[in-house]
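Right, one structure below, let's go through it.
All residue numbers refer to positions in the sequence shown, counting from 1. No hydrogens, no waters, no symmetry mates; every other heavy atom, side chains included, goes into these values.
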Amino acid sequence: MTALQELTREATATPQRKALSAFVALGLSFLALVLTVWSAPWWSIPPVLVAGLLTALAWDQLRSRAATRAVVTTAWAALGAYWLVKQIWGTPDGLMFWGACLGALYGLMAVGIILIYRANRIINFAAGSMGALPAVFAMTLMVVHGVHYFLALPIAIAGGAVAGGLIDVVIVRRFANAPRLILTVVTIGIAQLLAFFTLLTPGWLGADRLPDVIRTPFTRFGFFFGRQPITGDQFVALGGVILCAVLLGLFFKYTRLGIAVRASAENADRASLLGIPVRRVGTVAWMLAGTFSAITVFLRGPIVGLPLGGLAGAEVLLFALAAAVIARMERLPVAIGAGMIIGVIDQSSVFATGRSSEGAAIMLLVILLALLFQRGSMSRAMDTGVATWQAVKELRAVPPELRDVREVRAGRTTVVAAVAALFLLAPFYVGVQNVSAATSALIWAMVGVSLVVLTGWAGQISLGQFAFVGVGALVAGHLVANHNQDFFVVLVAGGLAGAFVAIIVGIPALRIQGLFLAVTTLAFAAFTQFWLLNRGYFFGRHMLPEDGARVTRPFLFERIDLAEPRNWYWFCLAFLVLTLAAAVSFRRHRSGRVLIAVRDNSRAAASYSINLARTKLAAFAVAGFIAAAAGVLNAYHLGSVDAGTYGTGNSLAVFAYTVVGGISSLAGAVLGGVFSQGVTIAANRLNINELTLLVTGPGLIVILMFLPGGLAEGIWRVRDAALRWVANRNGIHVPSLVADRRVETGEDQQDVLTEAEHSVDTVASFDVLADRTIWCPVCEAELTLEDAADHDHLRRTAGAREEGA
C-alpha cells in the first residue's frame, strides 16, 4: 500500500496531475462499485476491495494522510460488514442499499452528537428530540394543511437551528461550570421536555395522528433493485447527507466561523485567549447539531415514519450513538460511513428474522468493540472532568455537638415516627385502586438505592439499571412459573444472577469511563429488552415462563397471604427497609469510604494501594444484586415477565427520578421512587399520558440547576436551618453549620489596601547602598560602604589575601 502510494505521488507531481489522478481513481472506484451491485456474493469482495483502495488513493491526492487512514479504515470496515452480512443473513443487495441510505441519516445525527461532544465534552441524549419537534411540526403542516414539501423542509431546518441555539443559550450556558456528566444528564431532561411538545404538536395543528409513512413528491419516482422497491426518498436522503457533509467540510475549512468552531473544539481555553468568543461558537455548534437532527428526522419520515417518544426513538438514538462512538467522537466522515454500515446491519437483521429488535441488541457488541479497541487512543485530557459523577454534594449527618440536645432528639424521633406512619398507613389513605402503584414505588425505590451505590457513591453512571432488574425478573419467572421454587431461594438466586451479570457489564468499565460507560449501559438495556428477554432467542426461549404460566405470590409461612395487595405492600416495604439498612452499613464501613475515595480522585486512591478494579467491580456487584432482588419482587408484583418493562425507557426514567430525588442520598432514592409513582397516579387521574414527560424533563433541569443534590438536598437545607436555630438557642458553637468563609468589612479591606500601598512605596524607595555600615575587625571603626574601600586595615587585608593567593 505504501509503495503504491509513493508511485502515485511520483506520477502526479503537479496539482493538475494530482486532481486528474484523483478523478480517474474515483471513476474506477465507482465502476467497481457498480460491478459489485450485479455481482454474485462469492466474487463480490474483490470489486469492493478495489473500490476502497482506489477511493483511498484518490482521497490522498486531495487531502491529508489522516483522511487517507480514515477512508481506508472505513473501506475495510465496509468490506468486512458486507462480507459478514452476506454470510450471516444473505441480505439482497437492494435491501443493503436501502439500509445504507437509511443508515446515512443515522450518521448525520451522529455528526451532530460529535459536534456537541467536541464543543461541550458531553454526550447529547437530546440529539434526536431537538430535531423531532421542528420536523414533526413541518410534516404536520405538509400533511394536514397542504404546505409544499420544498417549503416544509426549510421550516424544519430553520426550526432545528433555532431549537439548538435556544437550548444552548437558555439551558446549557447555565451549566457552564458544572461537571460534564451532570450536563449530560441535563440533556436527558431536555429530551423529555421536547418530547412532550412533540407528542402534542400534531393535535395542536389539527391532526389526530400522522400517517405511518409520509408521501413526498419523490415517492412516486422509483424502481425495483432486485426485489427491493427503491423510491426517490432514499436517494434524497443519501444525497442530503452527502450535501450536508460537503457543506460542513467547506464551512470548517473556508469560513472564519468554521475555523473558530474547530479551534474551540480542540482547546477552548487557548481559543478564548486568542480572542475567539467560545460561548458564541458553542451556540453555533448547537445550531448545527439541531439542523442535522431536524434534517435526519424529516428525511427519515418518508422512509420508515417519524419516531415519537422520550428520546425521539431510543433505537434511532442508539444507532447514532454507536456511529459516533465508532468515529471516536471526532471523525465526521467515519461517523457517516459507520452509520451506513449500521443501517445495513439493522435492515439485514429485519430481513432475516422479521423483527426490528435484533439490530438494537447487536449495538451493544458494536459499541463495546469500538470502545475497547479505541481505548488506547483516548488521551487523559479527554477524560478530564467527565470520568465520574463529580461535585455531587455529600449530605452530612447531624453534627456531634447537637446529637444529644433534647430538641434534636425529639425532632429526630418525630420525623422517624411520621415517616414510618406515612409508609405503614399508605394502603389505607391511597385507596385500594392505588395500592399496586404504592408497591411499585417501593420497588422503584430499591432500584434507586442500587443507583445511589453505583452512581452516587462509586461514580459509575448507569443508564441501563432496569436491565439488571430484568435479569432478576427473568430468573424469578423461570424458577417460579416453570419449577415452583421457594420464594427465598428465588430471591437469592435472582440477586446472585444480577450481581454476576453486573460484574460482566462492569468489566469494560475498568477501561471505559464516564460518558462512554453511560452509552454502554444504555446499549445493555436495549440488549436485555430485545434479546435477553425475547422468546425468539436462547435465553428467552429457555428461561421465560411458559405460555400461560404466572408468577404467583406465595402463601408465606402458611400464615401470610401475599396475594392480598396490602400484605404484599407491607412485605415489599420490609424488604426496602432491609435494603436501606444494608446500604447504610455498607456506606459507614471501609468499603463505602473506599467507593467515595475512588469516585472523588481515583489516582490518589490508587496511590494509597486501593485496588481500583476490585472496588469498581464490587460496586457493580452490590448494585446488581439490589436491582435484581427488586426485579424478583417486580416479577411477583406483576405476575409475569414483560420485556417492555425492562428496556431503555424505564432505565432512563428510574435514573431521572433518582436524580430528582437525590442520587447521592438513600433518602433521595426513596423520594425518587415515591415521586415516580406519584406522577403516574396523577397522570392517570388527570388523563394526561404525557404528564410524566412534562414533569421529569423540567424537573431534571431545575433540580440540577439549583439543587445538584436533588430534593434530598432541599430537605437537608431545611434541617440545617433548624439545627442552627437549636444551636443559637442553646448557645452551642457548631463550626460545621457556619459559613466556611471569612466575612470582611469595608474597613478591613481598606486597611489591607493601605498596608499594601505602604509596603510597595517602601520597597520602591529602598536603596541597597544607602545607610548601610560595617565594622572594621581591627579597629572596630564604624564605616559606610563607600569609606570601607579606602580604609587602611581593610585595604591591607585585601593585599595580604592577594599575596597569600
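- Applying the ring pair (Phe, Tyr, Trp, His ring centres under 6.0 Å) rule to His589 yields no partners; only residues at least two apart in sequence or on another chain are considered.
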Could you walk me through whether Thr658 and Trp444 pass the side-chain contact (heavy atoms from CB on, under 4.5 Å) test, one step at a time? CA-CA 9 Å; Thr658 307; Trp444 277 58; over 6 Å; no

Pair up each side-chain donor or acceptor in residues 628-643 with any protein partner under 3.5 Å, not counting sequence neighbours, and list the distances.
unit_1, atom_1, unit_2, atom_2, d
Asn634, ND2, Tyr646, OH, 3.1
His637, ND1, Trp568, NE1, 3.2
His637, NE2, Ser436, O, 3.3
His637, NE2, Ser436, OG, 3.3
His637, NE2, Ser440, OG, 3.2

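- Leu544 contributes atom CG, which lies 11.5 Å from atom NE2 of His542 (distance to the nearest 0.5 angstrom).
- Sorted by first then second residue, the ring pair (Phe, Tyr, Trp, His ring centres under 6.0 Å) pairs that include residues 600-632, not counting sequence neighbours, number zero.
- Not less than 6.0 angstrom separates the ring centroid of Phe423 from the ring centroid of Trp570.
- Ring centroids of Phe487 and Phe571 are separated by less than 6.0 Å, placing the two rings close together.
- Side chains of Ser450 and Gln465: a donor on one and an acceptor on the other come within 3.5 Å.
- Taking the six-membered ring where the residue is Trp, Phe675 and Tyr657 present perpendicular rings, their angle passing 60° and hence far from 30°.
- Taken to the nearest 0.5 Å, the CD1 atom of Ile560 stands 14.0 Å off from the CZ atom of Arg553.
- Listed by chain and residue number, nothing satisfies the salt bridge (charged side-chain N to carboxylate O under 4.0 Å, His left out) test with Glu564 (two or more places apart in sequence, or in another chain).
- Residues in residues 485-508 take part in no side-chain hydrogen bond (donor to acceptor under 3.5 Å, both in side chains) pair, two or more places apart or across chains.
- The side-chain tip of Arg121 points at the ring of Tyr117 from less than 6.0 angstrom away and within 45° of straight on.
- By the side chain to side chain donor-acceptor pair (under 3.5 Å) test, Asn120 pairs with Trp286, sequence neighbours left out.
- Atom CG of Leu317 and atom CE of Met363 lie 12.5 Å apart (nearest 0.5 Å).
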